[in-house]
S.K.: 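Dropping a structure here in structure tokens format, bear with me for questions.
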Amino acid sequence: MTATTRITDISVSTGGGATTYYTSNPVVITTETATVTSAGWATYVPTNAVQFRSGTKAYIVEAADEATALLTQVKSVPAGTPILLEGKGEYTMDIVENSTTDVSGNYLLVVGEHDYIMGNQGAYVLGSKNGNTGFYLWTGDRLAVGKVYMYVDASSSPQMLQLVKPGQEETGIEAVESASAEREGIYNLQGVRVAEPSKGLYIVGGKKVMFNK
């Protein structure tokens with residue numbers, strides 16, 4: 001929980017000189033708010049550790065490759081964690097003492113005061129073009145301080161990474177011993193056949209499949 005101070009009373013005495021006296025009372029702030037525009041998605045960096053209320057769809061990016069950004073929904077995050085919000089309108093988050101959510105693997109980053117993130121160097125920012133919302137390759141000048149972005153080391157420098165929410169990918173393959181998978185072959189998103197895939201998105205039988213192992 002955080003607190004701030006707001007001036008509530010001002011008294012001035014006149015005489016030989018004017019003296020101003022300030023009386024202040026602490027005001028406890030218990031929430032933060034963020035706004036999602038009609039685009040349906042927005043980035044946000046909470047100042048405090050926050051817990052999301054029922055109905056709020058908040059995500060971090062668990063994995064990214066040359067085609068997709070795989071999202072994971074979270075119920076709370078530590079202070080300073082960049083997140084994605086899905087919806088429309090204003091969303092209220094409750095400030096909490098701390099959050100135990102592990103965000104160490106979050107691909108979302110925030111431009112710091114001394115960071116120089118330039119265009120065409122693998123940085124992607126949230127955007128929407130022709131109704132398609134995703135992370136688009138940043139091609140402009142230096143990104144502004146506080147801007148949320150992703151970095152993907154992609155040799156092909158794709159123009160856009162598609163947002164993949166939980167449940168949108170094919171799931172449930174725990175091992176590669178599946179006869180059908182072996183017969184059809186398993187390929188990474190660059191089209192290279194993989195004998196023993198690790199955790200991530202792959203192509204099996206023409207479909208994107210999430211391997212969990």
S.K.: When rounded to the nearest 0.5 angstrom, what distance separates CG in Asp115 from CG in Leu143?
M.R.: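 Here the interatomic distance stands at 10.0 Å.
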S.K.: Not counting sequence neighbours, which residues clear side-chain hydrogen bond (donor to acceptor under 3.5 Å, both in side chains) with Ser104? List them please.
M.R.: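 side-chain hydrogen bond (donor to acceptor under 3.5 Å, both in side chains) check on Ser104 returns Asp102.
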S.K.: I want to check something: taking the side chain as every heavy atom from C-beta on, are Pro78 and Val103 in contact at a cut-off of under 4.5 Å?
M.R.: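 In short, these two side chains touch, coming nearer than 4.5 Å.
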S.K.: Quick one: side-chain hydrogen bond (donor to acceptor under 3.5 Å, both in side chains) partners of Thr92, sequence neighbours excluded?
M.R.: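 For Thr92 there are no side-chain hydrogen bond (donor to acceptor under 3.5 Å, both in side chains) partners, ignoring immediate neighbours.
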S.K.: Who passes side-chain hydrogen bond (donor to acceptor under 3.5 Å, both in side chains) against Glu32, sequence neighbours left out?
M.R.: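 Partners of Glu32 under the side-chain hydrogen bond (donor to acceptor under 3.5 Å, both in side chains) test: Tyr44, Asn48.
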S.K.: Is it possible for you to say whether Tyr124 and Val45 belong to one hydrophobic cluster, with membership spreading through side-chain heavy-atom contacts below 4.5 Å?
M.R.: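 Shared cluster, yes.
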S.K.: Should Lys165 and Glu86 be marked as a side-chain contact (heavy atoms from CB on, under 4.5 Å) after you check the CA-CA gap, both sets of side-chain angles, and the distance that decides it?
M.R.: CA-CA 10 Å; Lys165 296 190 296 182; Glu86 180 188 13; 2.9 Å; yes
S.K.: Applying side-chain contact (heavy atoms from CB on, under 4.5 Å), run through Phe52 and Val77 and close with a yes or a no.
M.R.: CA-CA 9 Å; Phe52 304 107; Val77 291; 3.9 Å; yes
S.K.: Name all pairs fulfilling the side-chain hydrogen bond (donor to acceptor under 3.5 Å, both in side chains) condition that reach into residues 130-146, sequence neighbours left out, sorted by first residue then second.
M.R.: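 Sorted result for residues 130-146: Ser128-Thr133.
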S.K.: Take Leu71 and Val61, measure what side-chain contact (heavy atoms from CB on, under 4.5 Å) needs, and give me the verdict at the end.
M.R.: CA-CA 5 Å; Leu71 310 184; Val61 177; 3.7 Å; yes
S.K.: I need the minimum non-hydrogen distance between Asn98 and Ala49, along with the two atoms involved.
M.R.: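 Smallest heavy-atom distance, with atoms named: CA-CB, 3.9 Å.
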S.K.: State, to 0.1 Å, how close Pro82 and Leu109 come at their nearest heavy-atom pair, and which atoms those are.
M.R.: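 So the two residues come closest at CG-N, 4.0 Å.
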S.K.: Taking Ile60's backbone N and O only, do any of them form a donor-acceptor pair with Thr72's side chain (distance below 3.5 Å, no angle check)?
M.R.: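 Flag not set: sc Thr72 to bb Ile60 has no pair under 3.5 Å.
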S.K.: Who are the salt bridge (Lys or Arg N to Asp or Glu O under 4.0 Å) partners of Asp94, not counting sequence neighbours?
M.R.: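 Applying salt bridge (Lys or Arg N to Asp or Glu O under 4.0 Å) to Asp94 gives Arg53.
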S.K.: Working to the nearest 0.5 Å, report the span between OG1 of Thr35 and NZ of Lys88.
M.R.: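 Separation between the atoms: 12.5 Å.
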S.K.: Using every non-hydrogen atom in the two residues, find where Leu161 and Asp65 come nearest and quote the distance to one decimal.
M.R.: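 For Leu161 versus Asp65, the nearest heavy atoms are CD2-O, 3.3 Å.
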S.K.: With a 4.5 Å cut-off on side-chain heavy atoms, are Leu84 and Thr43 touching?
M.R.: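 Yes, at least one pair of side-chain atoms sits under 4.5 Å.
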S.K.: I need the minimum non-hydrogen distance between Phe135 and Ala69, along with the two atoms involved.
M.R.: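 Closest approach of Phe135 to Ala69, heavy atoms only: CD1-CB, 4.5 Å.
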S.K.: Say whether Tyr107 and Val110 are linked into one hydrophobic cluster, either directly or through other cluster members, by side-chain heavy-atom distances under 4.5 angstrom.
M.R.: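 Yes, Tyr107 connects to Val110 through the hydrophobic network.
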S.K.: Which pairs, with at least one residue in residues 59-91 and sequence neighbours excluded, count as a ring pair (Phe, Tyr, Trp, His ring centres under 6.0 Å)?
M.R.: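 Applying ring pair (Phe, Tyr, Trp, His ring centres under 6.0 Å) to every pair that reaches into residues 59-91, excluding sequence neighbours, yields Trp41-Tyr59.
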S.K.: Quick one: pull up CD1 in Ile83 and CG in Leu108 and give me the separation to the nearest 0.5 Å.
M.R.: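 Result: 9.0 Å between the selected atoms.
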S.K.: To check you understand the geometry: which heavy-atom pair defines the closest contact between Ile117 and Ala123, and what is its length?
M.R.: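 Smallest interatomic distance, heavy atoms only, reads CG2-CB, 3.5 Å.
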S.K.: Which pair of heavy atoms, one from Gly134 and one from Leu163, lies closest together, and at what distance?
M.R.: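 Residues Gly134 and Leu163, closest heavy atoms: CA-CG, 4.0 Å.
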S.K.: Applying a strict under-4.5 Å side-chain criterion to I, L, V, M, F, W and Y, I'd like to know whether Leu137 and Val125 cluster together.
M.R.: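 The answer is no; the residues belong to distinct hydrophobic clusters.
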S.K.: I'd like to know if the side chain of Ser99 and the backbone of Thr101 have a donor-acceptor N/O pair within less than 3.5 Å.
M.R.: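 Yes: the side chain of Ser99 pairs with the backbone of Thr101.
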S.K.: Taking atom CD of Gln73 and atom OG1 of Thr56, what is their separation to the nearest 0.5 Å?
M.R.: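 If we round to the nearest 0.5 Å, Gln73:CD and Thr56:OG1 are 9.5 Å apart.
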S.K.: Output the distance between atom CD (Gln51) and atom CD1 (Ile95), rounded to the nearest 0.5 Å.
M.R.: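 Separation between the atoms: 12.0 Å.
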